[in-house]
Amino acid sequence: MSVPLAARACMRLSGRIQTSAFHLGATTAPVLRRIASALCSSCNIMHGGMFSSGSAGNGLKHREKSTLICVEGNIASGKTSCLDFFSNTADLEVYKEPVAKWRNVRGHNPLGLMYQDPNKWGLTLQTYVQLTMLDIHTKPSISPVKMMERSIYSAKYIFVENLYQSGKMPEVDYAILTEWFEWIVKNTDTSVDLIVYLQTSPETCYQRLKKRCREEERVIPLEYLYAIHNLYEDWLVKQTSFPVPAPVLVIDANKELEEMNRHYEENRGSILSL
Ligand SMILES: Nc1ncnc2c1ncn2[C@@H]1O[C@H](COP(=O)(O)OP(=O)(O)O)[C@@H](O)[C@H]1O
Ligand SMILES: Nc1ccn([C@H]2C[C@H](O)[C@@H](COP(=O)(O)O)O2)c(=O)n1
C-alpha cells in the first residue's frame, strides 16, 4: 500500500527520535519532545502540538506545515550541489540561497560591498540576508517536505557572529540585528525539523571556492573559512554556542562529487526525513 510522503515522514521521524542517530545536545531536547508529542502513535500522522493543523476530511487533524530540512555548511562546502541532487525528488520543494538577490538588489551588490568593506556594509548585507531567509522560511509550501540552503539561524549564529567577533561589525549594528532576529524568531514560524550539516575541512572549501571563482569571493582568505568552520562546529557539533533549532545529521562532505551523490542516494531516506 502506498503511504503518503507526509505520513511516512512522521513514521520515520518518530523512529529516528528513538534511535537518536543524530548529534543531539541539551538544546535540542525540548524541540524533540515537542516533535514527539505531536506524533500520533496510532496513525503516525502529525497532529497539532507545535504545528498548525487542519482536518483531513476523515475527522483526523493532519499537519499542514511541511517538514523543513535546512542544509548547512561552510562556504563552497557543496550545499548547492546537494540541493541540486535532490531537486528532482517528487513531493520535495528545494530553495537555494538567494545569492543572486544578494548580488543585485535594485542595481546594488551588497555581497560585493560587504567583502570590500565589512565594517561599513556588514549590517547592510546581513539585514537583507535576514529578510530573504525569512521569506523562504515562511513561504507556504505545496509539498510535504521543503529543503532550503542554510537558514535564518546560520545567518545570525555564523555570519553575523563572525563579523562581530572579528571586530568587523560595530556593537550597535550587532545589537540591532539581534533585536530583529529575536523578534522574527518569536513572532513568525521559522521552525526547522532537521539540519543536514555538510562537514568539510576549510582547505576543501578553499579549493572549491577557487574552482567556483565567484567574483566577490576572490578576497576570501583560508583564515575566513576557518573562522566560519569553527563557528559551525561550535554550533552544530559541540553545541556549545547557540541554541540548535532541530536535530542535526552530520555528513562528511570532503569526498568527491560522485561519491557525495552516491552517499545522498544511499541515505535518501534519513536525509529527507522519510
Ligand atoms: N563533493 C565535491 N567535490 C568536488 N567539487 C565539488 C563538490 N561539491 C561541490 N563541488 C564544487 O565546488 C564548488 C562549490 O560547490 P557548491 O555546491 O556551490 O557549494 P556551496 O553551495 O556550499 O557554496 C562548485 O564549483 C561545485 O561544482
Ligand atoms: N548570512 C550570510 C550568508 C552567506 N554569506 C556569503 C558567503 C558566500 O560568499 C555567499 C554565499 O554562500 P555559499 O552558499 O556559497 O556558502 O554569501 C554571507 O556573507 N552571509
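For ligands, and for the atoms within them, numbers begin at 1 and follow the listed sequence. Nothing fancy with the numbering, it's 1 onward along the sequence.
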A.B. asks: Nearest protein heavy atom to atom 7 (C) of ligand 2, by residue and atom, and its distance?
C.D. replies: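 Result for atom 7 (C) of ligand 2: Tyr115 OH, 3.4 Å.
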A.B. asks: With the side chain counted from C-beta on, respond yes when Asp189 and His137 share a heavy-atom pair under 4.5 Å apart, and no when they do not.
C.D. replies: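 The answer is no; the side chains never approach within 4.5 Å.
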A.B. asks: Could you tell me if Tyr153 and Thr190 have a donor-acceptor pair between their side chains, going purely by distance under 3.5 Å?
C.D. replies: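 Indeed, the side chains of Thr190 and Tyr153 share at least one donor-acceptor pair under 3.5 Å.
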A.B. asks: Looking at ligand 1, is there an atom of it that comes within less than 4.0 Å of some heavy atom belonging to Gln207?
C.D. replies: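 Gln207: no contact with ligand 1 (<4.0 Å).
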A.B. asks: Under a 3.5 Å threshold, yes or no: a donor from one side chain and an acceptor from the other, between Thr200 and Arg208?
C.D. replies: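 Per modelled atom types, Thr200 and Arg208 side chains form no pair under 3.5 Å.
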A.B. asks: Can you report which non-hydrogen protein atom sits closest to atom 23 (O) of ligand 1, along with the distance?
C.D. replies: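 Checking every protein heavy atom, the shortest distance to atom 23 (O) of ligand 1 gives Arg212 NH1, 2.7 Å.
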A.B. asks: Under a 4.0 Å heavy-atom limit, does Lys255 contact ligand 1 with its side chain, its backbone, both, or neither?
C.D. replies: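 Looking at Lys255 and ligand 1, just backbone atoms fall under 4.0 Å.
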A.B. asks: Give me the residue, atom name and distance of the protein heavy atom closest to atom 10 (C) of ligand 2.
C.D. replies: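 It is Glu217 OE2, 3.6 Å.
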A.B. asks: Under 4.0 Å, heavy atoms only, figure out whether ligand 2 is touched by the backbone of Val160, its side chain, both or neither.
C.D. replies: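 Neither part.
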A.B. asks: Quick test: of every protein heavy atom, which one is nearest to atom 21 (O) of ligand 1, and how far off is it to 0.1 Å?
C.D. replies: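 Result: Thr80 OG1, 2.5 Å.
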A.B. asks: Just to be sure I read this right, does ligand 1 sit under 4.0 Å from the backbone of Lys211, its side chain, both, or neither, counting only heavy atoms?
C.D. replies: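 Only the side chain of Lys211 comes within reach of ligand 1.
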A.B. asks: Could you tell me whether ligand 2 has any atom less than 4.0 Å away from a heavy atom of Gln130?
C.D. replies: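 In this structure, Gln130 fails to qualify as a contact of ligand 2 - no heavy atom is under 4.0 Å.
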A.B. asks: Counting non-hydrogen protein atoms only, what is the nearest one to atom 18 (C) of ligand 2? Give residue, atom name and distance.
C.D. replies: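 Sorting protein heavy atoms by distance from atom 18 (C) of ligand 2 puts Phe159 CD2, 3.5 Å first.
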A.B. asks: Pick one of side chain, backbone, both or neither for how Met133 approaches ligand 2, counting any non-hydrogen atom pair under 4.0 Å.
C.D. replies: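 For Met133, no heavy atom sits under 4.0 Å from ligand 2.
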A.B. asks: Which residue and non-hydrogen atom of the protein lie closest to atom 13 (P) of ligand 2, and at what distance in Å?
C.D. replies: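 Atom 13 (P) of ligand 2 sits closest to the protein heavy atom Glu97 OE1, 3.5 Å.
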A.B. asks: Is the NZ or CZ atom of Lys146 positioned over Tyr95's six-membered ring, under 6.0 angstrom from the centre and within 45° of the axis?
C.D. replies: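 Judged by the rule (NZ or CZ under 6.0 Å from the ring centre, within 45° of its axis), Lys146 counts as positioned above Tyr95.
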A.B. asks: Which atoms of ligand 2 sit under 4.0 Å from any heavy atom of Met114?
C.D. replies: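 Atoms satisfying the 4.0 Å criterion: 19 (O).
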A.B. asks: Heavy-atom contacts with Ala155 under 4.0 Å: which atoms of ligand 2 show up? List them by number with element.
C.D. replies: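 Close to Ala155: 1 (N).
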A.B. asks: Checking contacts here: is it the side chain or the backbone of Val129 that comes within 4.0 Å of ligand 2, counting heavy atoms only? Could be both or neither.
C.D. replies: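 Side chain only.
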A.B. asks: Can you tell me which residue and heavy atom of the protein come closest to atom 11 (C) of ligand 2, and the distance to 0.1 Å?
C.D. replies: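 Minimum-distance protein heavy atom for atom 11 (C) of ligand 2 reads Arg214 NH1, 3.4 Å.
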A.B. asks: List the closest protein heavy-atom neighbour of atom 4 (C) of ligand 2: residue, atom name, distance to the nearest 0.1 Å.
C.D. replies: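 Closest protein heavy atom to atom 4 (C) of ligand 2: Trp102 CZ3, 3.5 Å.
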A.B. asks: Do ligand 1 and Ala76 have nitrogen or oxygen atoms that lie under 3.5 Å from each other?
C.D. replies: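 Between Ala76 and ligand 1, an N or O pair is found under 3.5 Å apart.
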A.B. asks: Relative to ligand 1, is Arg208 under 4.0 angstrom through side chain, backbone, both or neither, heavy atoms considered?
C.D. replies: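 Within the 4.0 Å criterion, Arg208 contacts ligand 1 through backbone and side-chain atoms alike.
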A.B. asks: Would you call Arg103-Glu215 a salt bridge at under 4.0 Å N-O?
C.D. replies: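 Between Glu215 and Arg103 there is no salt bridge, as every charged N stays at least 4.0 Å from the carboxylate O atoms.
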A.B. asks: Do Gln126 and Tyr174 get their side chains close enough for a donor-acceptor pair, meaning under 3.5 Å?
C.D. replies: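 No pair is found: no donor N or O on one side chain lies under 3.5 Å from an acceptor on the other.
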A.B. asks: Should Asp193 and Ser273 count as side-chain neighbours, where that means a heavy-atom distance under 4.5 Å?
C.D. replies: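 Sidechains of Ser273 and Asp193: no contact.
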A.B. asks: Only heavy atoms count here, so choose which of Gly78, Ser81, Cys82 is nearest to atom 19 (O) of ligand 1.
C.D. replies: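 Looking at heavy atoms only, Gly78 sits closest to atom 19 (O) of ligand 1.
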A.B. asks: Classify the angle between the aromatic ring planes of Tyr224 and Tyr115 as parallel (below 30°), tilted (30 to 60°) or perpendicular (above 60°).
C.D. replies: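 Taking Tyr115 first and then Tyr224, their aromatic rings stand perpendicular (interplane angle over 60°).
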A.B. asks: If we check side chain to side chain donor-acceptor pair (under 3.5 Å) with Ser154, which of these qualifies: Glu161, Glu72, Glu149?
C.D. replies: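 Answer after filtering Glu161, Glu72, Glu149: Glu72.
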A.B. asks: Determine, for Arg262 against Glu265, whether the closest basic-nitrogen to carboxylate-oxygen distance falls under 4.0 angstrom.
C.D. replies: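 The answer is no: the pair does not qualify as a salt bridge.
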A.B. asks: Would you mind listing which atoms of ligand 2 come within a distance below 4.0 Å of any non-hydrogen atom of Glu149?
C.D. replies: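 This gives 14 (O) as the contact atoms.
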A.B. asks: To the nearest 0.5 Å, what is the distance between CG (Asp173) and CG (Asn119)?
C.D. replies: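 Reported to 0.5 Å precision, the distance equals 9.5 Å.
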A.B. asks: Can you pull out the closest protein heavy atom to atom 8 (N) of ligand 1? Residue, atom name and distance to 0.1 Å, please.
C.D. replies: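 Answer for atom 8 (N) of ligand 1: Leu257 CD1, 3.5 Å.
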A.B. asks: Suppose I only count heavy atoms of Leu111 and a 4.0 Å limit; which atoms of ligand 2 are within that range?
C.D. replies: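 Counting from 1, the qualifying ligand atoms are 6 (C), 17 (O).
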A.B. asks: Please list the nearest protein heavy atom to atom 15 (O) of ligand 2 with its residue and the distance rounded to 0.1 Å.
C.D. replies: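 The closest heavy atom on the protein side is Arg212 NH2, 2.9 Å.
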A.B. asks: Using a strict cut-off of 4.0 Å, indicate which atoms of ligand 2 neighbour a heavy atom of Gln126.
C.D. replies: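 Checking each atom against Gln126, I get 1 (N), 2 (C), 18 (C), 19 (O), 20 (N).
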A.B. asks: Can you tell me if Trp102 has over 12 outside heavy atoms packed within less than 6.0 Å of its CH2?
C.D. replies: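 More than 12 within 6.0 Å, yes.
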A.B. asks: How are the rings of Tyr264 and Phe85 set relative to one another: parallel (under 30°), tilted (30 to 60°) or perpendicular (over 60°)?
C.D. replies: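 Aromatic pair Tyr264/Phe85 classed tilted.
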A.B. asks: Any idea which protein heavy atom is nearest atom 4 (C) of ligand 1, and the distance to it?
C.D. replies: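 Nearest protein contact, heavy atoms only, for atom 4 (C) of ligand 1 is Glu256 OE1, 3.4 Å.
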A.B. asks: Report, in ascending order of atom number, the atoms of ligand 1 lying under 4.0 Å from any heavy atom of Glu149.
C.D. replies: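 The list of qualifying atoms is 21 (O).
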A.B. asks: As an exercise, identify every atom of ligand 1 less than 4.0 angstrom from a heavy atom of Met260.
C.D. replies: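 Per the distance check, 1 (N).
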A.B. asks: Taking 4.0 Å as the limit for heavy-atom contacts, which would you say applies to Lys79 with ligand 2: side chain only, backbone only, both, or neither?
C.D. replies: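 The side chain, only.
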A.B. asks: Under a 3.5 Å threshold, yes or no: a donor from one side chain and an acceptor from the other, between Asn254 and Thr204?
C.D. replies: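 There is such a pair (donor and acceptor under 3.5 Å, judged by atom type) between the side chains of Asn254 and Thr204.
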A.B. asks: Heavy-atom contacts with Ala76 under 4.0 Å: which atoms of ligand 2 show up? List them by number with element.
C.D. replies: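 Within the 4.0 Å cut-off of Ala76, ligand 2 contributes 16 (O).
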A.B. asks: Under 3.5 Å, is there a donor-acceptor pair linking the side chains of Tyr226 and Glu203?
C.D. replies: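 Checked: Tyr226/Glu203 side chains pair up, N/O donor to acceptor below 3.5 Å.
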A.B. asks: Using a 4.0 Å cutoff against the non-hydrogen atoms of Leu125, which atoms of ligand 2 qualify?
C.D. replies: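 In order of numbering, the contacting atoms are 19 (O).
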